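Hydrogens, waters and symmetry mates play no part in the numbers below; they use all other heavy atoms, side chains included. Just so you know, ligand 1 is whichever comes first in the structure, and atom 1 is the first atom listed for that ligand. Predicted model, so just to flag it, every value in this text is computed and none were measured.
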Amino acid sequence: MEVRPKIIAGPCSAESREQVLKTAAQLSLGNIDFFRAGIWKPRTRPGAFEGAGHVALDWMIEAKEKYNLKICTEVASPEHVEAVLNKGFDMIWIGARSTANPFTVQEISEALKGVDIPVMIKNPTNPDLKLWIGAVERIMNNGIVDLSVIHRGFSVYEKQLYRNNPNWQIALDLKKELPSIPLLCDPSHISGRRHLIYDIAQKAMDLHYDGLMIETHCNPDDALTDKKQQLTPDELFDILSKLKLRSRTEFMDEQLQDYRLDLNDIDRSLIEILKKRMEVSEQIGLYKKDLDMVIFQKSIWEKAFKENIKNALEVDLSEEFASQLFKLIHQESIVKQSKIFLKPDEED
Ligand code: PEP
Ligand code: MN
């Protein structure tokens, strides 16, 4: 069965009455479920535009009434909760930086006690499934029943293709633990760049996500926040019309069963090969220990890493995948070698 994803669209920030109303007017011509805009913006460093604050609440209400849109915004404190509830917002979300802080989530959840409003919880900035689930539990514990989660990717230190690493497995693991909670994807904050949004949104659809939050601005190039990742309403509609929605029925026919079995065999061989690789790493560890050498030899590792990436690219593996894979393998080898270094020498 094909299910249409829930669509939440609107600018990263409410910047002015004109910008909010113009974006809302254009979005109201399409088929969106909620209009979003950030009113208080959590900026990484001081000095940047921190949102228009309270005055923007009225711009959003005006957009709601004029264009018959449901509206939502981010809350990061009990004061924000009180302000949006007083004005009559239809939904709220907790941002990634707030989810990372259990004190903040607890305060927000207490401010929501006895209130009937849908709440969405973005993943924390750090890749910590338990912290994300913990935030869901804190909000649930105070009686909120209409809850969903938004996957917006995880912070990275080194520059890579995406602004935030999607780490899809974490979102899928959350879905496994909390199967009844709708899972939405925010390809805008994952990608950080508008030309990558379609692919991420399609991937989310292929993984049966329940909806998308996509930043949309009447004039993205002039946006005061996140301008590289915002789309115009027309660009958004174009992407939405191109998304392929796949059947949600799970089935396993004979052909699929065969493929599955092949994959299981290959996965087993991969584990065998990794085991052999770790055994060699341990041999090297013993050797280095005997010679009193350090474990990590930067230039040797960098040379091998480059060679591995080159070989991976030749067989059409993506650079991002190969890079993560070999960094992980290297990390595990270092752990194994460190254990050898820490082990007391055997007496003769
Ligand atoms: C946002 O949605 O504009 C935002 C600040 O997102 P996040 O909390 O995911 O960084
Ligand atoms: Mn944003």
Side-chain angles (χ1 to χ4, degrees), residues 6-15 19-20 23 27 32-46 48-53 56 60 71-77 80-81 84 89 91-102 104-105 108 118-128 131-132 135-136 139 148-156 162-168 170-171 174 183-194 196-197 200-201 204 209 211-232 235-236:
K6 179 185 271 184
I7 303 298
I8 301 161
C12 177
S13 309
E15 300 166 4
Q19 170 251 8
V20 169
T23 310
L27 281 171
I32 68 161
D33 299 281
F34 284 88
F35 178 58
R36 65 149 277 162
I39 287 175
W40 303 278
K41 299 303 298 177
R43 306 311 300 278
T44 304
R45 299 186 64 182
F49 175 65
E50 293 188 327
M60 291 296 282
I71 54 168
C72 59
T73 195
E74 173 178 347
V75 293
S77 69
H80 296 166
V81 172
V84 301
F89 274 60
M91 181 162 68
I92 52 175
W93 81 82
I94 297 179
R97 291 158 194 78
S98 301
T99 308
N101 183 347
T104 302
V105 178
I108 294 174
V119 178
M120 303 183 293
I121 303 175
K122 289 199 167 195
N123 66 254
T125 41
N126 50 325
D128 186 336
L131 197 55
W132 197 3
V136 173
I139 298 296
S148 18
V149 289
I150 305 179
H151 172 210
R152 51 78 78 199
F154 302 88
S155 291
V156 284
Y162 295 138
R163 174 180 176 189
N164 287 294
N165 187 348
N167 241 323
W168 295 95
I170 297 182
L174 182 131
L183 169 62
L184 283 75
C185 179
D186 170 349
S188 309
H189 287 91
I190 290 180
S191 69
R193 283 176 298 160
R194 61 180 72 101
L196 298 168
I197 288 178
I200 299 170
Y209 276 49
L212 297 166
M213 177 188 258
I214 300 186
E215 287 188 340
T216 316
H217 189 293
C218 57
N219 197 357
D221 289 333
D222 288 340
L224 297 182
T225 54
D226 287 353
K227 66 176 172 188
K228 287 197 190 131
Q229 70 195 33
Q230 302 208 57
L231 300 170
T232 62
E235 286 165 345
L236 173 76

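What you find for Thr104 and Ala76 is that their closest heavy atoms are CG2-O, 3.4 Å. Between Ala9 and Thr216, the shortest heavy-atom distance links the atoms CB-OG1, 3.6 Å. For the residue pair Ser98 and Glu74, the shortest heavy atom distance occurs at OG-OE2, 4.4 Å.
The distance from the SG atom of Cys185 to the CD1 atom of Ile200 is 7.0 Å, given to the nearest 0.5 Å. Taking CD1 of Ile121 as the reference point, atom OG1 of Thr99 lies at 6.5 Å (rounded to 0.5 Å).
Inclusion of Arg97 in the set of residues having an N or O under 3.5 Å from an N or O of ligand 1 is warranted. Considering both main-chain and side-chain atoms, Asp186 never comes within under 3.5 Å of ligand 1 through any nitrogen or oxygen pair.
One N or O on the side chain of Asn165 and one on the backbone of Asn167 form a donor-acceptor pair closer than 3.5 Å. No side-chain donor-acceptor contact under 3.5 Å links Lys41 to the backbone of Ala52.
Using cut-offs of 30° and 60° on the angle between ring planes, the pair His151 and Trp132 is tilted.
For the pair Arg36 and Glu215, the salt-bridge criterion is met [side-chain N within less than 4.0 Å of a carboxylate O]. A salt bridge is defined here as a Lys NZ or Arg NE, NH1 or NH2 lying under 4.0 Å from an Asp or Glu carboxylate O, and Asp221 with Arg194 meets this definition.
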- Begin with the C-alpha distance, continue with both residues' side-chain angles, and end with the deciding distance and a verdict on side chain to side chain donor-acceptor pair (under 3.5 Å) for Thr225 and Ser13. CA-CA 7 Å; Thr225 54; Ser13 309; 2.6 Å; yes
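Remark: distances from the non-hydrogen atoms of Gly38 to ligand 1 are all 4.0 Å or more. Residue Met213 places no heavy atom under 4.0 Å from ligand 1.
Nearest non-hydrogen protein atom to atom 8 (O) of ligand 1 is Ala96 N, 2.8 Å. In terms of protein heavy-atom proximity, atom 6 (O) of ligand 1 is nearest to Lys122 NZ, 2.9 Å. Protein heavy atom closest to atom 1 (C) of ligand 1, with residue, atom name and distance, is His189 CE1, 3.2 Å.
Atoms of ligand 1 lying under 4.0 Å from at least one heavy atom of Trp93, given by number and element, are 2 (O). Remark: ligand 1 atoms within the under-4.0 Å shell around heavy atoms of Cys12 are 3 (O). The ligand atoms of ligand 1 that sit less than 4.0 angstrom from a heavy atom of Gly95 are 8 (O). Atoms of ligand 1 lying under 4.0 Å from at least one heavy atom of Lys41, given by number and element, are 1 (C), 3 (O), 5 (C).
Around the Mn ion (ligand 2), protein N, O or S atoms at less than 2.8 Å number 4.
His217 and Asp222 are not linked by any side-chain donor-acceptor pair at a separation below 3.5 angstrom, with hydrogens and angles left out of the test.
Closest heavy-atom approach to atom 2 (O) of ligand 1 within the set Glu215, Glu74, Arg36, Arg152: this belongs to Arg36.
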